[in-house]
Amino acid sequence: MASTRYFALIPAAGIGARVGAGCPKQYLPLAGKAMLLHVLETFAAAPAIAHCFLVVSAGDAYIDEVLASAPQLRTRVTVLLNGGATRHASVSNGLQAMRAQVEDADWVLVHDAARPGLTVALIDKLIAELRDDPVGGLLALPVVDTLKRGNANGRVAATVPRAGLWGAQTPQMFRYALLRRALEEVAEVTDEASAIEALGLAPRLVEGSVRNFKVTLPQDIPLAELLLKGLS
Ligand SMILES: Nc1ccn([C@@H]2O[C@H](COP(=O)(O)OP(=O)(O)OP(=O)(O)O)[C@@H](O)[C@H]2O)c(=O)n1
Ligand SMILES: C[C@](O)(CO)[C@H](O)COP(=O)(O)O
């Protein structure tokens, strides 16, 4: 029986509206290279990762130039020009396009192109924790702030108990066939674990890192820049 393999699937077909830059945020320069390139280079450097699949929008005008600057990625990354209108659709489309190269029992690590602080060590940690797990799971961080629910007037309506709460990160790691089925059967979800939960399964929480934060708002850009300058 062929040994189980680990594939990366990177949804990178968003427009970065909340950052509001002149280009999709995954192409913004951070520490001298595009945000997406940091992610691709990290997965390419991870010995456990068999191959990376990258989902970009059909009209993406940036990816060719980015990959031309990184010829070492040519054999490690396949670009899929089938991004969808939502992250869920992009991931589903990517999984569908991978079917000829991936076995049902292979693991897929879905990672946001908007989380450039990921490290090989975090990838290796997730795989080590989940490789024998019956479900799979995700990197996540326990909530450390007191949480408030706001009302329409911008005032506190309630304090939300934070015990047991985690903030989901990525990669989220599940077996190929299970993940495809879960995403096909569920309505719109914002992460892969939600689709697995909708099947009645309980993904495993693996502690991630603050450096693996998602670049979402303008103030995240200088933070990511500082982080990546320190990492390189
Ligand atoms: N239709 C979409 C929307 C998002 N993504 C990807 O999903 C990841 C996380 O999404 P998010 O941070 O929301 O990125 P954007 O959708 O680009 O941001 P915004 O919501 O501000 O437009 C990103 O790598 C983004 O490129 C995607 O592949 N396809
Ligand atoms: C997948 C994710 O990063 C987990 O926290 C998050 O759900 C993505 O949300 P977004 O609105 O698509 O950035």
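Whatever order the structure lists them in is the order used to number ligands and atoms, beginning at 1.
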Starting from atom 22 (O) of ligand 1, locate the nearest protein heavy atom and write down its residue, its atom name and how far away it is, to 0.1 Å. A17 N, 2.8 Å
Where do V91 and T86 land on the side-chain contact (heavy atoms from CB on, under 4.5 Å) test, with the steps shown first? CA-CA 9 Å; V91 173; T86 63; over 6 Å; no
Which of the ligand 1 atoms, numbered from 1, are nearer than 4.0 Å to a heavy atom of A113: 24 (O)
So for ligand 1, is R18 a polar contact partner (N or O within less than 3.5 Å, distance only)? yes
So if I apply the ring-ring contact (aromatic ring centres under 6.0 Å, His included) rule between H111 and each of F53, F7, F43, which one comes out positive? F43
Give the atoms of ligand 1, by number and element, whose distance to some non-hydrogen atom of G84 is under 4.0 Å. 1 (N), 2 (C)
Below 4.0 Å from ligand 1: does a non-hydrogen atom of T216 turn up there or not? no
In terms of heavy-atom contacts, does CD of E65 have more than 12 from other residues, nucleotides or ligands at under 6.0 Å? no
Interfacing atoms of ligand 1 (cut-off 4.0 Å, heavy-atom, A85): 1 (N)
Under 4.0 Å, heavy-atom basis, I'd like to know which part of P24 is in contact with ligand 1: side chain, backbone, both or neither. neither
For V19, is at least one N or O under 3.5 Å away from an N or O on ligand 1? no
Test log, rule side-chain contact (heavy atoms from CB on, under 4.5 Å), inputs L67 and L40: CA-CA 10 Å; L67 291 180; L40 294 175; 3.9 Å; yes
For atom 10 (O) of ligand 1, what is the nearest protein heavy atom, given as residue, atom name and distance? R87 CD, 4.3 Å
Where is the nearest protein heavy atom to atom 12 (O) of ligand 1: which residue, which atom, and how far? K25 NZ, 2.8 Å
Out of all atoms in ligand 1, which are within 4.0 Å of some heavy atom of I15? Include the element for each. 17 (O), 22 (O)
Does the side chain to side chain donor-acceptor pair (under 3.5 Å) test come out yes or no for D191 and S194, once each step is laid out? CA-CA 6 Å; D191 76 338; S194 300; 2.4 Å; yes
If you define the side chain from C-beta out and look only at heavy atoms, does anything of Y27 sit under 4.5 Å from I63? yes
Minimal heavy-atom distance between V215 and I221, with the atoms involved, is CG1-CD1, 3.5 Å
Can you report which non-hydrogen protein atom sits closest to atom 8 (C) of ligand 1, along with the distance? D112 OD1, 3.6 Å
Which of these, E103, R181, M98, sits in a side chain to side chain contact (heavy atoms under 4.5 Å, CB included) with Y176? M98
Which atom names give the shortest non-hydrogen contact between A46 and V120, and what distance separates them? CA-CG1, 3.9 Å
Hey, looking at atom 4 (C) of ligand 1, which of G14, G16, A12, G94 has the closest heavy atom? G14
Looking only at non-hydrogen atoms, find the nearest pair between D220 and T216 and report the distance. OD2-N, 2.8 Å
Rounded to the nearest 0.5 Å, what separation is found between the CH2 atom of W107 and the CD1 atom of I127? 10.0 Å
Students should be able to answer this: which protein heavy-atom is nearest to atom 28 (O) of ligand 1, and at what distance? A13 N, 2.9 Å
Any A114 heavy atom less than 4.0 Å to ligand 1: yes
Contact table, ligand 2 N/O with protein N/O, distance under 3.5 Å:
from: ligand 2; atom 1: 3 (O); to: D112; atom 2: OD2; distance (Å): 2.6
from: ligand 2; atom 1: 3 (O); to: R115; atom 2: NH2; distance (Å): 2.9
from: ligand 2; atom 1: 5 (O); to: R115; atom 2: NH2; distance (Å): 3.3
from: ligand 2; atom 1: 5 (O); to: A168; atom 2: O; distance (Å): 2.7
from: ligand 2; atom 1: 7 (O); to: T190; atom 2: O; distance (Å): 2.8
from: ligand 2; atom 1: 11 (O); to: R18; atom 2: NH2; distance (Å): 3.1
from: ligand 2; atom 1: 13 (O); to: R18; atom 2: NH2; distance (Å): 3.3
from: ligand 2; atom 1: 13 (O); to: K214; atom 2: NZ; distance (Å): 2.6

Using the side chain to side chain contact (heavy atoms under 4.5 Å, CB included) definition, which of the options D112, V189, T190 pairs with R87? D112
Nearest non-hydrogen protein atom, atom 24 (O) of ligand 1: P11 O, 2.9 Å
Less than 4.5 Å apart, side chain to side chain, heavy atoms only: is that true for V156 and N151? no
Those atoms of ligand 1 less than 4.0 Å from some heavy atom in S90: 1 (N), 2 (C), 27 (C), 28 (O), 29 (N)
Crowded around L217 CG? As in, over 12 foreign heavy atoms under 6.0 Å? yes
